[in-house]
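Mind looking over this structure? Questions follow.
Each ligand, and each atom within it, is numbered from 1 in the order the structure gives. Only a predicted model underlies this, so the values are computations on that prediction, with no experimental measurement involved.
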Amino acid sequence: MRYSEMFLPTGREVPSDAEIISHQLMIRAGLIRKLTSGIYSYLPLGYRVIRKVEQIIREEMNRAGAQEVFLPMVQPAELWQESGRWEYYGKELLRLRDRHDREYCLGPTHEEVITDLVRNDIKTYRQLPRNLYQIQTKFRDEVRPRFGVMRCREFGMKDAYSFDADEAGAEVSYEKMFAAYTSIFERCGLKFRPVEADSGSIGGKYSHEFMVMAESGEDAMIVCEKCNYAANLEKAEIARPEKKETGEKDKLPLESVHTPNVRTIEEVSAFLKVTPRDIVKTLIFNADGKPCAILIRGDQEVNEIKVKNYLGINELTLAEDDMILHATGAPRGFAGAVKIKTRIIADYSVMNMVNFVTGANKEDYHLKNVNIGRDFNVESFADLRVIEKSDTCPRCGGGIQFVRGIEVGHVFKLGTKYSKALKAVYLDRDGQEKIMIMGCYGIGVGRTVAACIEQNNDENGIIWPMPLAPYQVIITPVNVNEGQVLQAAEKIYKDLLFRGVEVILDDRDERAGVKFKDADLIGIPLRITVGQKNLAGGNVELKERKSGKTTIHPLQNIVSAIEKSIAGSINPVAGKQT
Ligand code: ATP
Ligand code: MG
């Protein structure tokens with residue numbers, strides 16, 4: 001493409017809401033423009049990058065045996081009522097009505113539609129497994145759209161859904177998608193990690209989020225320094241400690257202490273001159289309507305997702321005042337495990353504590369020298385807290401690091417959540433009706449592009465990895481008014497086009513400095529500079545955007561040098577799997 005004919009508005013200006021570098025650079029390099037909050041247009045350069053990501057996704061999804069479909073974006077309310085999500089989804093779901101006053105929504109995801117499709121056409125085990133995917137626009141009315149296309153309201157997503165006859169098959173489908181995602185992100189040239197994530201009450205024990213490592217990322221996770229364990233903070237496990245036995249004689253006599261108006265951990269430790277590590281916090285939760293006491297060491301935090309999963313319930317909130325009063329006999333701030341009228345589950349942090357402090361279940365009183373076994377018993381010990389810097393890897397005991405990342409993809413075992421609600425059943429070998437087992441797999445296309453820029457930029461602009469670059473080469477004639485220079489540049493341009501290289505000829509009558517700045521800003525991996533001085537010796541200069549390295553090449557060799565460089569920088573991961 002000739003630069004002079006391109007719609008490529010570059011600039012220095014950045015909107016004040018562009019907080020992160022990828023958002024700033026996507027505006028400055030003329031990749032996107034905002035229409036309204038969280039809704040963006042892709043300009044030609046940006047759309048080329050989108051198409052590159054989509055192409056890589058398509059190739060790897062097809063290779064993994066998935067088939068492409070294209071589902072409607074407008075979805076009838078009835079389907080969402082059938083799955084129960086019409087009520088549950090809340091305000092992220094954009095709802096609309098047609099001229100007959102029928103209700104619809106704009107699809108934020110497509111489990112309902114795909115399950116409806118499959119239930120009508122798949123009837124027997126012989127038609128399973130199947131994996132269907134699409135690359136389509138989703139709409140989610142996010143509370144806080146930000147970071148440009150990273151968290152917007154209308155965005156392109158690749159979503160795939162697998163249907164299997166049994167658990168073992170569903171596991172195979174999951175593993176295939178996991179492998180395909182690994183290939184996709186490797187081919188995109190990203191530094192990423194699959195991390196274990198929570199999968200709530202549905203599906204298997206975990207799901208995986210594919211995280212692109214970036215300081216600006218919204219997601220926090222831990223990674224092990226020794227083994228390959230990585231998990232997001234909600235999911236990160238803490239190993240069960242060794243149980244230490246305490247001799248009866250080491251247990252001091254239980255003591256009730258008057259602690260007027262002393263409620264919080266800080267107040268209790270100051271008043272009793274102990275540290276938070278000597279106190280056991282008793283938190284009363286409302287677990288699906290019933291009270292439950294969770295014990296944890298005073299300096300640590302409960303991870304509510306772990307509690308919810310452990311109890312296998314749907315709704316978990318801190319108990320209201322009257323539930324606390326009813327369960328403990330005291331107002332908020334004085335709960336303790338001794339003689340409490342609820343189930344008691346304790347975090348591992350409490351397992352080896354002796355002679356600790358707790359509330360006395362009596363207004364203005366606490367207990368000292370409390371001991372498990374002698375003064376009360378717990379139903380069980382479990383991993384219920386938020387991981388901390390001082391913790392170690394639950395798998396290998398190695399040190400852990402807290403890092404940040406951007407979730408670009410998610411692979412998830414759905415189990416029978418949707419197939420049961422929508423009755424997606426098939427006849428098994430023995431004529432028995434069974435429910436299909438599903439998995440779902442998403443990749444944010446625009447977010448992947450933004451994440452790539454977060455990882456690949458410098459003070460001059462974007463540095464595209466070759467596989468995602470909108471164009472692979474830019475030719476910059478230093479002065480287009482010099483006939484010989486322009487002629488040589490035109491010749492290289494035609495030769496590269498002929499070889500199928502994606503190339504821009506910067507034929508604008510601009511100062512060389514301006515053209516170099518734009519080439520750097522839009523991040524084209526290779527720049528050929530055609531100038532009078534080198535040309536006199538029959539040469540041109542080749543500059544790599546990433547390393548800044550320049551080399552001089554004879555005119556007749558430049559095309560093959562380019563081809564070699566491109567071939568060397570495309571990650572040849574494709575082809576590894578079958
Ligand atoms: P997040 O926690 O970031 O909101 P999610 O868990 O809601 O993501 P999924 O429902 O798993 O996301 O969607 C699959 C993929 O779609 C995500 O991994 C992400 O890449 C992309 N995605 C989700 N929400 C957005 C958004 N608002 N803007 C751009 N991409 C998004
Ligand atoms: Mg979300």
Side-chain angles (χ1 to χ4, degrees), residues 20 22-23 26 31-32 34-40 42 46 49-50 53-54 56-57 61 85 88-94 106-114 133-161 174 177-178 180-182 184-185 188 190 192-200 202-203 206-214 216-221 232-235 305 404-414 417-418 438-455:
I20 59 170
S22 60
H23 186 189
M26 287 182 90
L31 302 179
I32 56 167
K34 178 158 125 182
L35 177 64
T36 181
S37 168
I39 301 184
Y40 288 83
Y42 281 95
V49 184
I50 292 286
V53 174
E54 290 180 352
I56 292 173
I57 293 175
M61 291 304 290
R85 283 208 287 188
Y88 183 76
Y89 217 90
K91 290 195 163 175
E92 249 184 52
L93 193 66
L94 187 67
L106 290 188
T109 174
H110 277 74
E111 282 83 6
E112 281 80 0
V113 174
I114 197 88
Y133 78 97
Q134 63 169 344
I135 299 179
Q136 219 241 23
T137 303
K138 303 281 188 251
F139 194 94
R140 293 183 182 179
D141 204 352
E142 297 271 353
V143 219
R144 211 148 81 85
R146 56 190 189 142
F147 302 154
V149 296
M150 192 88 92
R151 180 168 299 284
C152 50
R153 300 197 293 165
E154 183 179 311
F155 57 96
M157 193 204 285
K158 186 287 299 178
D159 46 327
Y161 305 88
Y174 185 89
M177 285 297 104
F178 186 96
Y181 274 38
T182 305
I184 289 166
F185 296 120
C188 289
L190 293 164
F192 70 96
R193 270 189 99 134
V195 312
E196 284 185 21
D198 181 56
S199 57
I202 53 168
Y206 52 75
S207 66
H208 283 96
E209 288 169 349
F210 282 75
M211 295 285 190
V212 166
M213 315 318 283
S216 59
E218 287 184 291
D219 293 284
M221 66 199 119
N232 73 18
L233 283 202
E234 309 172 335
K235 174 74 184 170
I305 291 174
R404 302 195 72 81
I406 301 162
E407 180 202 320
V408 287
H410 197 176
V411 291
F412 201 96
K413 292 177 196 163
L414 283 173
K417 182 175 157 91
Y418 297 96
M438 291 174 60
C440 70
Y441 318 93
I443 294 181
V445 181
R447 190 183 282 184
T448 300
V449 171
C452 175
I453 298 175
E454 283 297 318
Q455 276 189 346

Give the atoms of ligand 1, by number and element, whose distance to some non-hydrogen atom of Cys152 is under 4.0 Å.
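This gives 26 (C), 27 (N), 28 (N) as the contact atoms.
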Any idea which part of Glu209 is under 4.0 Å from ligand 1, heavy-atom wise: side chain, backbone, both or neither?
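Glu209 to ligand 1: no contact under 4.0 Å from either part.
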Val408 heavy atoms, cut-off 4.0 Å: which ligand 1 atoms fall inside?
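Result: 18 (O), 20 (O).
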Which bit of Val149 gets closer than 4.0 Å to ligand 1, counting heavy atoms only: side chain, backbone, both or neither?
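The backbone, only.
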Consider every N or O of Ile443 and every N or O of ligand 1, then say whether any pair is closer than 3.5 Å.
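No - when backbone and side-chain N and O of Ile443 are compared with those of ligand 1, no distance drops under 3.5 Å.
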May I ask you to say whether Arg85 pairs ionically with Glu111, meaning some side-chain N is under 4.0 Å from a carboxylate O?
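Salt bridge flag = yes for Glu111 with Arg85.
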Could you list the atoms of ligand 1 found under 4.0 angstrom from a heavy atom of Gly409?
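Every atom of ligand 1 under 4.0 Å from some heavy atom of Gly409: 18 (O).
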At under 4.0 Å between heavy atoms, which part of Glu407 makes contact with ligand 1: side chain, backbone, both or neither?
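Glu407 to ligand 1: contacts from backbone and side chain alike.
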Using a strict cut-off of less than 4.0 Å between a Lys/Arg side-chain nitrogen and an Asp/Glu carboxylate oxygen, indicate whether Arg144 and Glu218 qualify as a salt bridge.
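So Arg144 does not pair with Glu218 through a salt bridge.
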Which atoms of ligand 1 sit under 4.0 Å from any heavy atom of His410?
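Near His410, meaning under 4.0 Å from one of its heavy atoms, ligand 1 has 11 (O).
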Heavy-atom pair of closest approach, residues Phe178 and Val411:
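Shortest heavy-atom contact: CD1-CG2, 4.4 Å.
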Within the 4.5 Å heavy-atom criterion, are Lys138 and His110 side-chain neighbours or not?
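Heavy-atom side-chain distance check passes, below 4.5 Å.
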With rounding to the nearest 0.5 angstrom, report the CD1 to OH distance, Ile57 to Tyr181.
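Output value for this atom pair is 7.5 Å.
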Under 3.5 Å between some N or O of ligand 1 and some N or O of Phe155?
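No, Phe155 has no N/O under 3.5 Å of an N/O on ligand 1.
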Sub-4.0 Å atoms of ligand 1 with respect to non-hydrogen atoms of Glu142:
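Those atoms are 24 (N), 26 (C), 27 (N).
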Sub-3.5 Å donor-acceptor pair from the side chain of Arg404 to the main-chain atoms of Ala214, do we have one?
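Side chain of Arg404 to backbone of Ala214: no pair is present.
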For Asp219, what residues pass the side chain to side chain contact (heavy atoms under 4.5 Å, CB included) criterion, not counting sequence neighbours?
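Asp219 satisfies side chain to side chain contact (heavy atoms under 4.5 Å, CB included) with Met211, Glu407 once adjacent residues are dropped.
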Backbone or side chain, does any N or O of Met157 fall under 3.5 Å from an N or O of ligand 1?
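Between Met157 and ligand 1 (N or O atoms, distance only) the closest approach is not under 3.5 Å.
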Parallel, tilted or perpendicular, judged at 30° and 60°: which one describes the rings of Tyr40 and His23?
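Perpendicular, since the angle between the ring planes exceeds 60°.
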